[in-house]
Amino acid sequence: MKKLLQIIFLNLLLIGFIPVVLLAQISQGGQPRMLEPTVRAGFDALVFEEMPPINLERLQQEDAVFDYEPVPWRFGENIEVNYSLENAGKWTYMEDGAAIWRLGIKSPGALSLNLTFDNYRLPPGAELFIYSPDGKHILGAFTDFNNQDDGYFATTLMLTDEIILEYYEPASAAFRGELSLQTVTHGYRGVGDFSRAFGDAGWCNVNVACEESQGWENQINSVVMLVTGSNGFCSGSLINNTRLDGTPYVLSANHCYRTPSTVIFWFNWQSATCENPSSSPSYQSISGGIQKARHTSADFWLMEMSSTPPEEFNPYYAGWNRTADAAITGTVVGIHHPRGDIKKISWANGGVTTSSYGGNTGSGTTHWRLASWSDGTTTEGGSSGSPLYDPQGRIIGQLHGGSAACGNTSPDWYGKLSASWIGGGTQTTRLSNWLDPDNTGIITLNGFDPYNNEPILGDINEDGVINVQDLVLLIDLILNEKYDPAADFNNTGVVDTEDLVALVHLILEKEKKTNHWLKREIRDAGREDLLPFIRKSVD
């Protein structure tokens, strides 16, 4: 796996007194040479290639149908082109023997532009920048670090309808670089549509910073948005494996499948507060994935990202539960990017049952049937491929489809992890080879944070979720006079009844349940001996 190079985040810099936004796609940073006045002076103005107009009416008519089908949520029109270093743009040669190639592209009225190269092969020392003519939006520098085995390379969205490609090649380059642009995507809705809260997500969706998400912070960090096929959005999740080695596997839906090396993975595109922000939040992204396995029966797709997410991305590798049980009770949680919007959270208090896709309970074994979301929450197009977590915060499946939407109580179906585990019976059609490479045979695996070993207060069993199981463990600590920093709410160095009271109230607030519910959960766990402690804490 390639070594991580410098990470560029959204900042405000000054270049010739022009404010510049550096978009956070993994790159080596720097600035385009032609934005430096001393370099630009004397060179001819750049001629722009103008894209043909899109048929917005046709696209909207198609979207009225496709938005409710199990396909990626389309945000743009792919315009096929054939621009290369040999047949388009303009070369400029510098006094030191270096060369600069530039190509301008405009697609009038576009809310965003993104690019897909079908041949990208740069020598060491060469750099590619993509930026808006006013210099306010910059991607790059992209280098030989971004070379992929199949030659593909894709860029994230830029919120402009005009861009400049600038390729720099030093005189000492080992070979002439290869750049061939295959697709320009004209974004006509979604991320750039600020008047509709970035995407088109329904009014009932809940931002992941709202209080309902308390205790699910790790799982939130595991979820990513996928730009797939250059013009569609899906959701997915980082997922752990039994070696706990941080291999950046991403689980999504098979119906989201497009060329993996052109997929863009967006991290942390979410609101910092419960309210929708007034402008688009920042995000970080990684370009390119490597195909590992996929299969149609449970509709799963597993990729390995081309680069390991750095610490600044706050990645979390979600745990999983491949139980073949007929049902899971309790509250299950979905985290997703509906209709290409910022990250949302949904929950269902009624658990899930086993079924076929689209079928009733007991109709098959490939899917989890979620009968109805709770408290008005839901999923939508773009949520496809998003994870469903059991009450312990472990992935049990990925969203295949359904008819749930704001204002209804219709069901959704998630491909069952136990079915994907077996898949089609081969390495390229099942999960088991990748998520359990040493064939340990375990049924459940907790999540993994590669950069943070600090305990989460209340998460005593370290499964990423605070629940009744942690409460049982805390009482056992008190009874046995043992210590765990994750149970020390008042930071006294001792676990005592004050910590018990704090955890009880945290669980009740998180679950929005009553004292009677808590006592029943303790009985169901077979620990009636602990009820006197619970009564003292809540009565």
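Only a predicted model underlies this, so the values are computations on that prediction, with no experimental measurement involved. One is the number of the first residue; the rest follow in order along the sequence.
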Side chain of Asp470, backbone of Asn467: donor and acceptor closer than 3.5 Å? yes

Can you tell me how far CD1 of Ile478 sits from CG of Asp499, rounded to the nearest 0.5 angstrom? 7.0 Å

Quick check: do Ile264 and Ile286 have side-chain heavy atoms less than 4.5 Å from each other? no

Closest non-hydrogen atom pair between Pro532 and Glu528, with its separation: CD-O, 4.0 Å

Indicate yes or no: at least one non-hydrogen side-chain atom of Glu509 is less than 4.5 angstrom from one of His505. no

Quick check: do Pro281 and Ile342 have side-chain heavy atoms less than 4.5 Å from each other? yes

N/O donor-acceptor pair under 3.5 Å between Lys519 side chain and Leu531 backbone: no

Should Tyr283 and Thr156 be marked as a side chain to side chain donor-acceptor pair (under 3.5 Å) after you check the CA-CA gap, both sets of side-chain angles, and the distance that decides it? CA-CA 11 Å; Tyr283 67 90; Thr156 193; 2.8 Å; yes

Is there a donor-acceptor contact under 3.5 Å from the side chain of Thr377 to the main chain of Trp347? yes

Donor + acceptor pair across side chains of Asn221, Tyr317 (<3.5 Å): no

From CZ (Phe448) to OG1 (Thr242), nearest 0.5 Å: 12.5 Å

Taken in chain and number order and not counting sequence neighbours, the residues that satisfy side-chain contact (heavy atoms from CB on, under 4.5 Å) with Leu457 are Phe489

Can you name the nearest heavy-atom pair linking Thr409 to Ser372, along with the distance? CB-OG, 3.3 Å

When every non-hydrogen atom of Trp73 is compared with those of Gly340, the smallest separation belongs to CE3-N, 3.9 Å

Can Glu521 and Arg527 be counted as an ion pair, charged N to O under 4.0 angstrom? no

Any side-chain heavy-atom pair from Leu431 and Lys292 closer than 4.5 angstrom? no

If you look at every heavy atom in Asp436 and Gly441, which pair is closest and at what distance? OD2-N, 2.9 Å

Determine yes or no for a side-chain-to-main-chain donor-acceptor pair under 3.5 angstrom, with Asn240 supplying the side chain and Asn446 the backbone. yes

Name all residues meeting the side-chain contact (heavy atoms from CB on, under 4.5 Å) criterion together with Asn408; count only those two or more places apart in sequence or in a different chain, and write none if there are none. Ala404, Ala405, Ser410

How far apart are the closest heavy atoms of Leu113 and His186, and which atoms are they? CD2-CA, 4.2 Å

Could you name each residue pair satisfying ring pair (Phe, Tyr, Trp, His ring centres under 6.0 Å) that touches residues 325-345, not counting sequence neighbours? none

Any Lys/Arg nitrogen of Arg74 or Glu62 sitting under 4.0 Å from an Asp/Glu carboxylate oxygen of the other? yes

Before you tell me yes or no, could you show the steps for Trp434 and Trp421 under ring pair (Phe, Tyr, Trp, His ring centres under 6.0 Å), namely the whole-Å CA-CA distance, both residues' side-chain angles and the distance that decides it to 0.1 Å? CA-CA 10 Å; Trp434 310 102; Trp421 198 260; over 10 Å; no

Return each pair, listed once, that meets disulfide (SG to SG under 2.5 Å) where at least one residue sits in residues 268-361; pairs must be two or more places apart or across chains. Cys210-Cys274

Start with the C-alpha distance between Asn461 and Gln392, add both sets of side-chain angles, then the distance that settles side chain to side chain donor-acceptor pair (under 3.5 Å), and finish with yes or no. CA-CA 10 Å; Asn461 61 1; Gln392 289 71 46; over 6 Å; no

So, applying side-chain hydrogen bond (donor to acceptor under 3.5 Å, both in side chains) with Trp301, which one of Gln398, Gln291, His255 is it? Gln291

Could you check whether Arg294 pairs with Asp299 (Lys NZ or Arg NE/NH1/NH2 to Asp/Glu carboxylate O, under 4.0 Å)? no

Step by step, would you call Thr323 with Asn321 a side chain to side chain donor-acceptor pair (under 3.5 Å)? CA-CA 6 Å; Thr323 179; Asn321 178 359; 4.6 Å; no

Please name all residues satisfying side-chain contact (heavy atoms from CB on, under 4.5 Å) with Asn433, sequence neighbours left out, ordered by chain then number. Gln427, Arg430

Sub-3.5 Å donor-acceptor pair from the side chain of Asp67 to the main-chain atoms of Gly381, do we have one? no

Give, for atom CD of Glu275 and atom OG of Ser278, the distance between the pair rounded to the nearest 0.5 Å. 11.5 Å

Supply the atom-to-atom distance Ile466 CD1 to Leu506 CG, rounded to the nearest 0.5 angstrom. 5.0 Å

Determine whether a donor-acceptor pair (N or O, by modelled atom type, separation under 3.5 Å) exists between the side chain of Arg322 and the backbone of Ile442. yes

Step by step, work out the ring pair (Phe, Tyr, Trp, His ring centres under 6.0 Å) result for Phe233 and Phe75. CA-CA 7 Å; Phe233 290 131; Phe75 67 87; 4.4 Å; yes

Under the side-chain hydrogen bond (donor to acceptor under 3.5 Å, both in side chains) test against Ser222, which residue among Tyr389, Tyr316, Trp216 passes? Tyr389

Ile290 CD1 to Leu302 CG distance, which is reported to the nearest 0.5 Å: 11.5 Å

Please report the interatomic distance CD(Glu311) to CG(Asn452), rounded to the nearest 0.5 Å. 8.5 Å

Given the rule in the side chain to side chain donor-acceptor pair (under 3.5 Å) test, do Asn349 and Thr331 qualify, once you have shown the distances and angles that lead to the verdict? CA-CA 4 Å; Asn349 298 327; Thr331 300; 3.0 Å; yes

Counting only N and O atoms by type, is there a donor-acceptor contact under 3.5 Å from the side chain of Ser271 to the main-chain atoms of Thr273? yes

Is there a side chain to side chain contact (heavy atoms under 4.5 Å, CB included) between Asp63 and Tyr188 once you walk through the steps? CA-CA 12 Å; Asp63 290 340; Tyr188 62 89; 2.6 Å; yes

Salt bridge or not between Asp529 and Arg523? Use side-chain N to carboxylate O under 4.0 Å. no

Among residues two or more places apart or on two chains, list those pairs meeting salt bridge (Lys or Arg N to Asp or Glu O under 4.0 Å) that have a residue in residues 392-406. Asp390-Arg394

Under 3.5 Å side-chain donor-acceptor pair for Gln284 and Asn268: yes

Report the C-alpha distance between Ser235 and Leu399 in whole Å, list the side-chain angles of each, state the deciding distance to 0.1 Å, and finish with yes or no for side chain to side chain contact (heavy atoms under 4.5 Å, CB included). CA-CA 9 Å; Ser235 300; Leu399 181 60; over 6 Å; no

Indicate yes or no for a side-chain donor-acceptor contact from Asp488 to the backbone of Gly493 under 3.5 Å, with no hydrogens or angles considered. yes

State whether the side chain of Thr354 and the backbone N or O of Asp325 hold a donor-acceptor pair below 3.5 Å, judged by distance alone. yes

Could you report the tightest heavy-atom contact between Val352 and Val332, atom names first, then the distance? CG1-CG2, 4.2 Å

Could you tell me whether a side-chain N or O of Trp368 sits under 3.5 Å from a main-chain N or O of Trp413, the two making a donor and an acceptor? no

Is it the case that the side chains of Ser230 and Thr116 hold a donor-acceptor pair, with the cut-off being a distance below 3.5 Å and no angle test? yes

Could you tell me whether the side chains of Asn207 and Lys343 share a donor-acceptor contact shorter than 3.5 Å? no

Exceeds 12 heavy-atom contacts within 6.0 angstrom, atom OH of Tyr483: yes

